[in-house]
Number of protein chains: 2
Amino acid sequence: MSDTQDRFERLHVSPAYQMVAEAIEREIVSGRILPGEPIGTESELVRQFGVNRSTVREGIRVLEQNGLISRNSSRRLFACAPHHNRLASRMSRALVLQEVTFRELYETAMVLELAAVEQAAERATKKNIAELSENVAKSERVMDDPARIAELNSEFHALVAKASQNRVLQLAREPAGLLFFPTTEVICQKVAEGAVRIVEANRMMLKAIREGDKKAALLWMRRQVDDWRKGFERTGKRLDQAVDKSYLRAATR
Amino acid sequence: MSDTQDRFERLHVSPAYQMVAEAIEREIVSGRILPGEPIGTESELVRQFGVNRSTVREGIRVLEQNGLISRNSSRRLFACAPHHNRLASRMSRALVLQEVTFRELYETAMVLELAAVEQAAERATKKNIAELSENVAKSERVMDDPARIAELNSEFHALVAKASQNRVLQLAREPAGLLFFPTTEVICQKVAEGAVRIVEANRMMLKAIREGDKKAALLWMRRQVDDWRKGFERTGKRLDQAVDKSYLRAATR
DNA sequence: TCCGCTAACTTTGTCGGACAAACGTCGAGA
DNA sequence: TCTCGACGTTTGTCCGACAAAGTTAGCGGA
């Protein structure tokens, strides 16, 4: 047998559940099924694909995880355009499992946050500014609650990215942001003036964004991220240490 | 019945398949199961969790999509630290379905590629430089094949990001990169000197990285991304147009 | 003794059928 | 007209089964 020349290369057969997933995925990605449209019941899919319900259900799990389909309150299936935030927490988890260091996080956050605030100063809408204002106002009311400050600061930066009107940038900064900003809690606990400086910087960034003053916006963002590094080092940790798994809880909700 | 005060809030019961997935996820994320370690057979999991095999299999699909477990050649399950590349293509798809514009892509790519090349100039290892050199050499041999040039250029930028030794930055640029660089194919087809300028810029970036010359590295990167925009506009498309679904094929492989 | 081959055994992918709980619907009664 | 309950539908889960592919053990030959 083995003396005959191989004429054909092995053909790889996808499992049926994967073909089900891919078939539905194609319909959604191509736009033939629009976000919000129902996919049909499981039995319906069983009938259409001619496979068993268990098989259909495995395919559904795949698509659900990819954010391409979802179940509404009544558990019926419908298509949805995956919002990147859903995927960002997965990426954060990947980063932690890869044991990335705080330095990697810091350097990347610096680049992305600067870009975000610069574009925000250029394009923020009234609504964006209102959201940022409310965030700053809330922060000013909880200056002595490090957890709350960290949470609001995280939200502030997400809002800045949103104000940039650049969804690609929003996506790019999200995974790092999810890991980076929760660390400000520890810093606020250890460094007395931590919270004050954070909220001051945010207030100044808001002002700069409102006035369209890119220079000032960049200045205060840089100052805040720099502050983060100084504060971080003052808590006794080193930048080249890996980001702890404990930050995942905050990042993955 | 309804006149009695609500004493308890509705308790939300997760489906069994989800609990299976979460239980295994916890073990991996916490480090009690290390990447590469086997998870056990389906029957084994059936025995441990006391649920049906169909239920276990649905849980497995969830984890597989999250990149936390995988099947090796013999289809046995084992844990793995999700490599972000796996997730990046899903993010690219999310971006396309959100109909992000080429402008968003361009602006973000500019920021991220500049940061990547700057850090690469600072930290590239011999191995990184060898990889980059080989990439440039390959490109020089296929100057008249736009598809191949686009592919190699995409790889070049991925290698630059790798040379930055910053995995968070690598992750952040990947989704945009997957969509951005395939577009160079069309540009090379329409703009005569396109391929020449791309390869020249890459050659100069390689030189700058080898010499640790950040300034030059930044200059050539900026020039290449600027070139992209000019070339893009010369093909008759507008920056504010949404990224086409057709680019997904290249991005999701 | 060591190596290769065959025959079990195991595991995965798929199937058919089944049932309880939750949900939606629709008609009867207030 | 509005409310409520019976009914059918759908989902989540279970059981049992089988073919195909992979793995292991044992056997025979060199």
Side-chain angles (χ1 to χ4, degrees), chain A residues 1-4 6 8-25 28 33 36-80, chain B residues 1-4 6 8-25 28 33 36-80:
Chain A
M1 285 300 203
S2 60
D3 55 359
T4 70
D6 278 4
F8 302 110
E9 60 182 23
R10 170 167 208 155
L11 41 82
H12 76 299
V13 287
S14 301
Y17 70 87
Q18 207 173 303
M19 296 182 67
V20 167
E22 282 164 12
I24 299 175
E25 174 181 331
I28 297 175
I33 298 180
E37 270 183 49
I39 302 292
T41 66
E42 293 180 3
S43 329
E44 184 69 17
L45 296 173
V46 164
R47 191 184 60 71
Q48 288 186 52
F49 288 112
V51 297
N52 190 270
R53 194 156 75 95
S54 307
T55 307
V56 165
R57 283 176 62 83
E58 287 188 43
I60 287 173
R61 293 294 155 252
V62 171
L63 294 169
E64 260 182 355
Q65 289 307 306
N66 285 322
L68 282 172
I69 67 177
S70 179
R71 307 194 102 109
N72 61 18
S73 59
S74 69
R75 292 190 290 190
R76 272 203 231 297
L77 291 169
F78 62 95
C80 47
Chain B
M1 283 300 204
S2 61
D3 54 1
T4 69
D6 278 5
F8 303 109
E9 62 182 20
R10 169 166 208 153
L11 41 83
H12 77 299
V13 287
S14 301
Y17 72 86
Q18 207 173 304
M19 296 183 69
V20 167
E22 281 164 13
I24 298 175
E25 173 181 332
I28 296 175
I33 297 179
E37 271 184 48
I39 302 292
T41 67
E42 293 179 2
S43 329
E44 184 69 18
L45 295 173
V46 165
R47 193 184 57 72
Q48 287 186 52
F49 288 112
V51 297
N52 191 269
R53 193 155 76 93
S54 307
T55 306
V56 165
R57 283 174 63 82
E58 288 190 41
I60 287 173
R61 294 294 156 253
V62 171
L63 293 170
E64 263 182 353
Q65 290 307 306
N66 284 320
L68 282 172
I69 67 177
S70 179
R71 304 193 108 110
N72 60 18
S73 60
S74 69
R75 291 191 289 191
R76 273 206 228 295
L77 292 169
F78 62 96
C80 47

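Letters A, B, ... are given to chains in the order of the sequence lines, protein chains preceding strands, and every chain is numbered from 1.
- Listed in residue order, the members of residues 39-53 of chain B having a heavy atom less than 4.0 Å from DNA chain C are B/T41, B/E42, B/R53.
- One can place CD of A/E58 at 7 Å from P of C/dT14, the figure rounded to the nearest angstrom.
- Within the 4.0 angstrom heavy-atom criterion, only backbone atoms of the sugar-phosphate kind lie near A/R71; the bases stay farther away.
- Two residues are said to be in side-chain contact when any heavy atoms from C-beta on lie closer than 4.5 Å; A/R57 and B/R61 fail this criterion.
- Whole-Å rounding puts the B/Y17 OH to D/dT13 P distance at 7 Å.
- Salt-bridge formation is not detected for the pair A/R76/A/E44: no Lys NZ or Arg NE/NH1/NH2 atom is positioned less than 4.0 Å from an Asp or Glu carboxylate oxygen.
- A/R57 has a side-chain polar atom (N or O) that falls below the 4.0 Å cut-off from OP1 or OP2 of D/dG12.
- Nearest heavy atom pair, residue B/V20 against residue B/F49, reads CG1-CE1, 4.0 Å.
- Put simply, CD on A/Q18 is 14 Å from C1' on C/dT14, counting in whole angstrom units.
- Of all heavy-atom pairs between A/A21 and A/G59, the closest is CB-O, 3.8 Å.
- Taking every heavy atom of both residues into account, A/L63 and A/E25 meet most closely at CD2-CB, 4.0 Å.
- Atoms CZ (B/F78) and C1' (C/dT11) sit 16 Å apart, rounded to a whole Å.
- Taking only side-chain atoms of A/T55, from C-beta outward, the nucleotide of C/dC15, C/dG13, D/dG12 with the closest atom is C/dC15.
- Nearer to the 5' terminus of DNA chain C, by closest-nucleotide assignment, is the contact made by A/S14 (compared with the other of A/S14 and A/R76).
- For the residue pair A/G40 and A/L45, the shortest heavy atom distance occurs at O-CD1, 4.5 Å.
- The A/S54 side chain lies nearest to C/dG16 when the options are D/dT13, C/dG16, D/dT10.
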